[in-house]
Structures are given as structure tokens and as C-alpha cells.
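Take a look at the structure below.
Proteins get letters first, then strands, A, B, ... in listed order; numbering begins at 1 in each. The analysis underlying the following values was restricted to heavy atoms, covering all of them including side chains, and did not include hydrogens, waters or symmetry mates.
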2 protein chains.
Amino acid sequence: MESEVYSKAKAAHDAAYVLATTATDVKNKALLYIAEELINQTDAILAANAEDLARAREKGMAPAMLDRLKLTPERIVSMAEGVRQVSELPDPVGKTLASWTRPNGLAISKVSVPLGVIAIIYESRPNVTVDAAALCLKSGNATVLRGGSESISSNLALAKVIHAGLAKAGINPDVVGLLENTDRALVRELLTLREFIDLAIPRGGAGLIRMVVDTARVPVIETGSGVCHVYVDKEADLDKAVPIIENSKVQRPSTCNSMETLLVHEDVLQPLLDRLVPVMKTDQVELRADAKAQAVAGSDAITATEEDWKTEYNALIMSIKTVASVDEAMDHIRHYSTHHSETIITENKETAERFLKEVDSAAVYVNASTRFTDGFQFGFGAEIGISTQKLHARGPMGLAELVSYKYIIHGQGQIRE
Amino acid sequence: MESEVYSKAKAAHDAAYVLATTATDVKNKALLYIAEELINQTDAILAANAEDLARAREKGMAPAMLDRLKLTPERIVSMAEGVRQVSELPDPVGKTLASWTRPNGLAISKVSVPLGVIAIIYESRPNVTVDAAALCLKSGNATVLRGGSESISSNLALAKVIHAGLAKAGINPDVVGLLENTDRALVRELLTLREFIDLAIPRGGAGLIRMVVDTARVPVIETGSGVCHVYVDKEADLDKAVPIIENSKVQRPSTCNSMETLLVHEDVLQPLLDRLVPVMKTDQVELRADAKAQAVAGSDAITATEEDWKTEYNALIMSIKTVASVDEAMDHIRHYSTHHSETIITENKETAERFLKEVDSAAVYVNASTRFTDGFQFGFGAEIGISTQKLHARGPMGLAELVSYKYIIHGQGQIRE
């Protein structure tokens with residue numbers, strides 16, 4: 001007998017062919033119906049979510065995790081609003097990216113096309129179900145969603161809403177498949193189904209991403225691992241530095257674009273820390289510093305170890321390292337960064353340009369918070385994740401990153417000599 | 001002790017950082033020195049190649065394979081010419097692909113950057129050593145080359161030439177690493193070295209590509225698997241159809257962009273085969289036909305089996321299937337194609353547009369030979385392979401496909417609200 005994974009992936013693959021050439025207004029109608037249905041079915045969604053929450057509490061889930069899992073009427077309104085916004089974004093499919101004619105008369109066009117079927121592997125937050133389905137739908141991609149077992153009741157209720165919206169617009173509901181069986185062995189099957197799956201995107205913690213990379217035989221875009229740095233240069237404006245550091249660390253510490261390590265030029269170590277340490281204390285940030293920085297921070301910092309430079313805390317913890325030059329800062333970044341986002345604070349344009357040119361991360365900033373690495377902040381209008389790999393897409397991925405292309409060639413009987 | 005793979009991959013990774021920002025004219029100088037040195041060292045290269053050929057003959061290598069392995073003074077001149085041509089192509093690195101300013105004043109630029117370190121896994125042809133090194137160098141990528149054991153002496157001689165050219169231009173020779181040990185276990189090590197390798201590109205037969213996909217934990221671009229189709233529509237101009245079919249099959253049958261299966265609308269089966277069969281007979285092409293086509297071709301065709309529709313012959317063999325409509329032709333392609341290159345022969349513009357829109361292959365043609373799917377034929381000036389996957393790059397890959405991008409953001413102290 002076919003497994004659920006096989007049958008849903010096959011159904012998505014078979015339906016993807018039609019979705020790939022479905023008109024923009026049909027896809028937009030489906031999105032609007034889904035948004036409408038989310039509001040109409042608020043009670044049913046909350047009831048399902050209550051089941052997940054009850055199970056999670058029984059298992060002793062931590063409050064922060066419970067909060068990620070929890071849906072409220074406001075959160076459902078915000079999900080619906082997100083889906084409506086996706087309907088208003090331009091369709092990324094069918095764009096002529098380039099066209100030219102060869103000396104032999106062949107007219108070549110490079111045209112954007114959907115990727116096909118995208119598998120999304122994610123953890124507890126049920127809003128990913130709706131976000132991912134909406135973005136894949138708008139970009140003409142079918143999708144197979146595999147959420148966490150802890151949110152299965154919520155996800156099933158949301159999938160029902162999505163299927164109703166698709167059907168009302170005349171789109172085959174198979175284009176969005178949600179796996180009901182959350183057994184781990186089925187994830188392996190999904191990630192090796194090269195026949196039907198064109199791309200896998202993991203959304204979650206480092207453990208999930210590592211598992212997907214290790215298991216997959218389909219192409220993967222890795223997302224969201226962020227050991228990000230702020231480097232305060234000797235020519236920094238400390239009036240900019242302190243708020244940027246605070247914002248990069250504190251505004252939402254659980255996100256991948258938050259800073260983990262502060263690099264400080266030794267020439268400004270004392271004046272910077274004199275101003276920064278009290279701010280961080282107020283923000284309840286734990287400081288882990290190298291010897292020089294600790295000498296300045298005193299009892300407000302503990303000693304950092306080699307492990308700290310490698311760690312994505314995702315919490316109110318910050319490591320501080322003193323460097324003697326921008327080169328030493330860039331060396332540290334090259335060695336320890338996950339190549340997500342890095343910032344230099346400096347008023348020296350030449351130093352800034354060197355940093356921007358030489359640091360090889362998805363987003364490299366001068367005098368701004370690392371927290372701006374985000375599809376919405378970049379103006380993409382949507383985000384499916386933040387790629388930390390270099391292939392296909394890098395940094396925030398919106399609709400434009402969910403398409404591939406093909407070449408269309410018009411001839412008049414040309415053969416190759 | 002470090003393995004050869006580890007030390008060469010690490011050396012390439014360490015050197016890649018500098019190469020990424022090396023000026024265009026320095027890279028071009030290195031290319032011209034390599035071209036010069038190839039000519040100067042012709043005798044040494046041919047002597048090394050003679051060793052490979054002697055070993056291969058001893059092992060009873062087939063004449064076609066021996067020919068792929070063999071270097072001649074002319075082939076060396078042509079390699080050098082290829083390298084010179086790469087020096088004349090525009091540098092794909094450092095291009096501003098897009099730039100915009102956000103309402104909060106952040107100025108965002110999307111700039112092309114090298115991928116990093118590219119591992120190339122290939123088989124007998126020693127010219128790949130030079131081609132791949134030249135393209136990676138020009139695009140600012142370091143490379144680790146793993147050629148076949150049968151061409152190891154030739155590859156070592158060519159690597160020596162490449163290293164001499166790099167050194168003369170002041171580029172660290174570590175940017176091109178050639179593995180001397182061709183033990184298969186080391187390929188596995190190379191393909192799982194996520195720390196140092198950004199991309200693996202296999203160049204060779206289906207077996208090699210499958211092995212790379214199965215083994216790799218680094219991103220892979222699959223190349224070169226081609227079950228390509230020509231569909232002759234009921235409204236085809238047979239004066240175009242016959243030469244296009246002949247060209248697609250016969251001009252160089254061992255290549256991935258050659259046709260394997262001919263799809264024929266039943267309305268033109270008789271007139272097409274009446275003209276085509278004698279041509280194919282002269283070309284010594286073996287025909288494998290479905291029942292309807294065989295009824296027309298008679299003893300000139302044998303019976304095709306299900307297996308034929310799936311097979312990339314890479315030889316003078318062609319399968320023929322009769323279809324009742326363009327839909328049936330597209331169904332067959334969807335089912336059996338490797339999504340490389342497909343052609344429709346028709347004078348009906350609507351039918352052509354449907355085929356071009358709905359067939360999801362890297363290159364889709366109307367009234368032209370499938371043999372044009374090639375970086376040089378497309379005007380890219382170079383080719384590292386033909387991607388048959390949808391991620392990152394699709395179809396012929398030249399220099400533009402060997403880069404990624406990063407975002408550079410200029411701020412004035414912005415923090416996220």
C-alpha cells in the first residue's frame with residue numbers, strides 16, 4: 001500500500017503541472033477565499049488549537065514553546081491579513097527575465113517558472129502552515145507540509161480551511177498536502193522522494209535543519225542559522241553603536257538575525273562598555289567577555305570560552321571580544337559566523353567599504369541593526385525563510401526566490417552545424 | 001593525519017577568500033599565462049597523456065573511451081584557446097544586480113559574489129581539468145578537481161601548468177586543487193566536507209551523477225542527463241521536421257542534448273516516416289517503434305518496449321511513438337523526460353505556444369534542433385555543464401551561473417522598531 005507521504009507527494013506533483021500555468025487572478029481568488037475562511041472558521045481553529053495546547057501542557061511543554069503553539073482570534077486575523085497581502089503581491093511566474101536572438105536567428109527567452117513541489121518541514125508554530133501554503137500557491141508551487149506533532153490538530157484545521165479556499169477557486173486542493181502522520185520515519189521518505197519533490201525547506205532550529213540536510217536526497221535550502229556579529233570600529237559613532245547593539249541583541253533575541261557576538265576595537269573598548277554595560281544590565285542581558293573586555297566590565301561579565309564564539313544563544317546572552325583591527329574582526333567573522341548578517345559601526349567610509357566587500361555573509365551592514373535581515377524589512381512583502389546557503393537564494397527569500405526559469409526558443413528550422 | 005581531500009579542500013577554502021575579491025585583470029592575466037604555459041608544456045602534457053593511454057590500453061579500454069582520453073597537439077591548442085576566450089568574457093563578480101532604498105533610509109544593494117569552493121567530479125576527458133579551472137577562476141571560485149583514475153597522469157601535468165600560470169599572476173595556486181589519490185572513498189569525504197565545499201558539480205554519466213547525489217551532504221547541481229524529445233505535430237512542415245530530427249539524433253549522439261524519442265502525430269505518421277526512415281537508415285540509426293509506427297516502418301524498425309521510453313541511448317538508436325494529439329505528446333514528455341530539451345515541429349502558432357508554455361523542461365524549442373542546448377550555442381561564451389535541476393541554475397551554465405549574491409546595506413544608525 002502507498003504511504004501517506006507517497007500518495008500526498010504524488011498528488012501534489014500531479015496537480016503542480018496545472019497550477020504552474022494557472023492564471024494569477026485564480027490564484028489570488030483562492031488566497032482571498034482562504035483569508036475569508038480563516039476568519040469564518042475561527043472557532044473551529046481555536047478548538048483544534050486547544051486540543052494541541054492541552055496535550056502540550058500534559059507533556060510539560062515550556063511556557064515559551066506553549067506561546068509559539070497558541071492561536072488567538074487576533075493571531076488568526078493576522079494570519080488572514082498575511083494571506084491577503086500575498087494576494088496583492090506581483091506574480092513571480094511567467095516573467096521574461098532576459099531575451100536575445102542568436103546570429104543563426106534562434107530567438108531565446110529566459111522565463112520564470114515555478115519550482116514544482118516544495119516540501120516544508122517545520123516545528124510548532126501553526127501559522128507556518130498558512131504562510132507557507134500562501135507563498136507556494138502564489139508562486140505556482142505545490143507543497144507538502146510536514147509540521148510538528150505538537151501542532152497537528154491546529155494544522156489539520158488550517159489545512160481544511162486552505163483546501164476549502166482552493167476548491168472554491170477551482171484549484172485542485174492536492175496542491176497543498178499536509179501530512180497527518182507525523183512519524184519521523186515518514187520525514188525521511190519525504191526527503192528522499194526525488195520523483196515528486198523538487199525542493200525541501202526546513203524551518204526551525206539547528207537540529208531540524210541538520211537532520212534535513214543529512215537525510216535529504218532532494219535539493220535543500222538551509223535557513224535560519226544565525227551567529228551574527230556587530231563590530232564597533234575605532235572610528236565608530238558611539239551614539240549609533242549603543243542603540244544598534246541593543247536593538248540587534250534585545251529586540252527579539254529568539255530570531256536568527258539577532259546578534260550573538262559583539263566585536264569591539266580596543267581603542268573604543270572603555271568608552272563603549274562604559275555606556276553599553278548599564279544598558280545591557282537594564283535589559284537583563286548576560287555578558288560573556290574575553291579578558292580585555294572583562295577587565296572593563298568587571299563583575300557585570302563572566303568569562304567567555306571558545307564555545308561562546310560558536311554559539312547561537314537565541315536568548316538574552318551576548319559574547320564580547322576585543323580586536324586590534326578591522327582585519328582581526330573580519331578574521332573572527334570568517335571563522336565563527338554562519339554567514340547570515342554582520343554589521344560594522346564606523347564613520348570611516350574606507351573601513352566600511354572594506355568590511356562590506358570582504359565579509360561574505362548574506363547581509364552585510366554599515367551602521368544599522370542586524371535585525372533588518374527579513375523579507376518584510378527588505379520590502380519583499382513576504383518571507384518563506386532566510387537562506388544561509390549560497391546556492392539558488394541567499395538571505396531573505398520572498399516570492400521571487402520560489403521560482404526557477406526555463407529557456408523558450410523559437411526557431412525556423414535551425415539545425416546545428 | 002589530514003587526508004589529501006581535507007588538506008586540499010581546506011587550502012582551497014582558505015585561498016578562496018582572497019580570490020573572491022581579486023581584481024579582474026589579475027584573474028585574466030593568470031588565464032593568459034595558463035594558456036601560454038599549456039602550449040609551452042605540450043611535450044610534457046603529451047608524455048603524461050601517453051602514460052594514461054598505455055595503462056588504458058593494457059586494461060582493454062574501448063576505442064571510443066580511448067579517444068575521449070587522448071590528447072593531441074591540436075587538442076592542447078584548442079584547450080589554450082578556450083582559456084583565452086574565458087579571459088575575454090566579462091567578470092560575473094561584483095555586479096550590482098538590484099538596489100533600492102527603504103522608507104527608513106536603509107540603502108540595500110544586491111551584489112554578485114563567488115560561490116566559494118566548487119568541487120568538480122568528472123570522468124575520463126582531461127580537458128575538463130582545464131575548462132573547469134578556468135571558469136571557476138574567472139568567476140572567483142576556488143575549486144577542488146577530482147578526475148578519473150584513468151586520466152590521472154594527464155590531469156597532474158595539466159594541474160602543474162595551471163599552478164604555474166596562477167603563481168606567475170600572483171594568485172595562490174591553492175585555489176585550484178587536484179586530487180592525486182583517485183580512491184573512491186575520498187570522493188565521499190570530499191562530498192561531505194560541508195565546512196569547506198560550497199557546491200559539487202558532477203560531470204559524467206548517469207551512474208556518476210547518481211553516486212554524487214546519493215553521497216553528497218554539500219549542495220549539488222545535477223548535470224547532463226538527457227532523455228530529449230522531438231514532437232512532430234499534425235501541422236508540421238516536414239521539410240523542417242526531417243533535418244531537425246536527423247540533426248537532433250545524429251549530429252553527436254553521445255551528448256545529453258541529443259534526441260532519444262521521436263513523438264509523431266498519427267496524422268503525419270505515414271508521410272513523415274516515408275521520408276525519415278531512409279535518412280535514418282543511411283545514418284545507421286537503429287529504430288525502435290511502437291506498433292503503429294512499426295506498421296509503417298516495417299522491417300526497418302524493431303518493437304519498442306516500455307524501457308525504451310526511459311532510456312538515454314547516447315548512441316545511434318531512436319525510439320518512435322505515435323500520439324493522437326499534442327496533449328498526448330506532452331503527457332509522454334511529462335512522464336518520461338529528464339526535463340532537459342524538447343522540440344515541437346509545427347506551423348501552428350497556438351499549438352507551439354501551448355507546448356512552449358506547458359512543457360516544463362530547461363529548454364523548450366519550436367522548429368529547431370535539441371542540439372542547441374549548449375552554453376556556446378546560447379552565446380554564453382563558456383559552459384561548465386547543463387543543469388537538469390531547477391534550483392539555482394537550469395539548462396546551460398556559464399560564468400553567470402557560477403556566482404551567488406549578497407546584500408550590502410548602508411544605514412545611518414537605523415534600528416528596528
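With a 4.5 angstrom heavy-atom cutoff, L199(A) touches chain B only via side-chain atoms. With a 4.5 Å cut-off on non-hydrogen atoms, R210(B) touches chain A through its side chain but not through its backbone. In this structure, chain B has no heavy atom under 4.5 Å from any part of P103(A). Contact of I344(A) with chain B is not made at all, since no heavy-atom distance falls under 4.5 Å. Heavy-atom distances place the side chain of Y17(A), and not its backbone, under 4.5 Å from chain B. V213(A) touches chain B through backbone and side chain together, each having a heavy atom under 4.5 Å away. For chain B, the nearby part of N257(A) is the side chain; its heavy atoms alone come within less than 4.5 Å. Only the backbone of A362(B) comes within contact range of chain A, with at least one heavy atom under 4.5 Å from a heavy atom of that chain. When heavy atoms are compared at a cutoff of 4.5 Å, R334(A) approaches chain B solely by way of its side chain, counted from C-beta outward.
Side-chain atoms of Y405(B) come within 3.5 Å of backbone N or O of R394(A) as a donor-acceptor pair. Judged by distance alone, with hydrogens and angles left aside, the side-chain atoms of K406(B) form a donor-acceptor pair with the main-chain N or O of V359(A) at under 3.5 Å. A donor-acceptor pair under 3.5 Å is formed between the side chain of S404(A) and the backbone N or O of K390(B). Without hydrogens or angle criteria, R416(B) side chain to F372(A) main chain gives no donor-acceptor distance under 3.5 Å.
Between chain A and the residues R252(B), K110(B), H339(B), E222(B), the most heavy-atom pairs under 4.5 angstrom are made by E222(B). Chain A forms more heavy-atom pairs under 4.5 Å with one residue of G395(B), G116(B), A393(B), A20(B) than with any other, namely A393(B). In terms of non-hydrogen atom pairs under 4.5 Å with chain B, the most contact-rich of E246(A), Q251(A), K240(A) is Q251(A). In terms of non-hydrogen atom pairs under 4.5 Å with chain A, the most contact-rich of N367(B), I409(B), D239(B) is I409(B). Among S369(B), G413(B), A241(B), S341(B), the residue with the largest count of heavy-atom pairs under 4.5 Å with chain A is G413(B). For chain B, the option among T192(A), D237(A), T21(A), L115(A) with the highest count of heavy-atom pairs below 4.5 Å is L115(A). Annotation: maximal heavy-atom pairing with chain A below 4.5 Å, among L106(B), T373(B), D360(B), occurs at L106(B).
Side-chain atoms of E353(B) and H410(A) form a donor-acceptor pair, as typed in the model, at a separation below 3.5 Å.
The residues R371(A) and E417(B) are annotated as not salt-bridged, no charged nitrogen and carboxylate oxygen being separated by less than 4.0 angstrom.
Shown here for G411(A) and A368(B), the closest heavy-atom pair between the two residues is CA-CB, 4.2 Å. Closest non-hydrogen pair, R102(B) versus F376(A), comes out as NH2-O, 3.6 Å. Of all heavy-atom pairs between L391(A) and I221(B), the closest is CD2-CG1, 4.1 Å. In terms of heavy-atom proximity, I415(B) sits nearest to P243(A) at CG2-O, 3.5 Å.
Contact annotation: the side chain of V364(A) never approaches that of Y407(B) to less than 4.5 Å [non-hydrogen atoms, C-beta and beyond].
Ring-plane geometry between F380(B) and W100(A) is classed as tilted, the angle between the planes lying from 30 to 60 degrees on a 0 to 90 degree scale.
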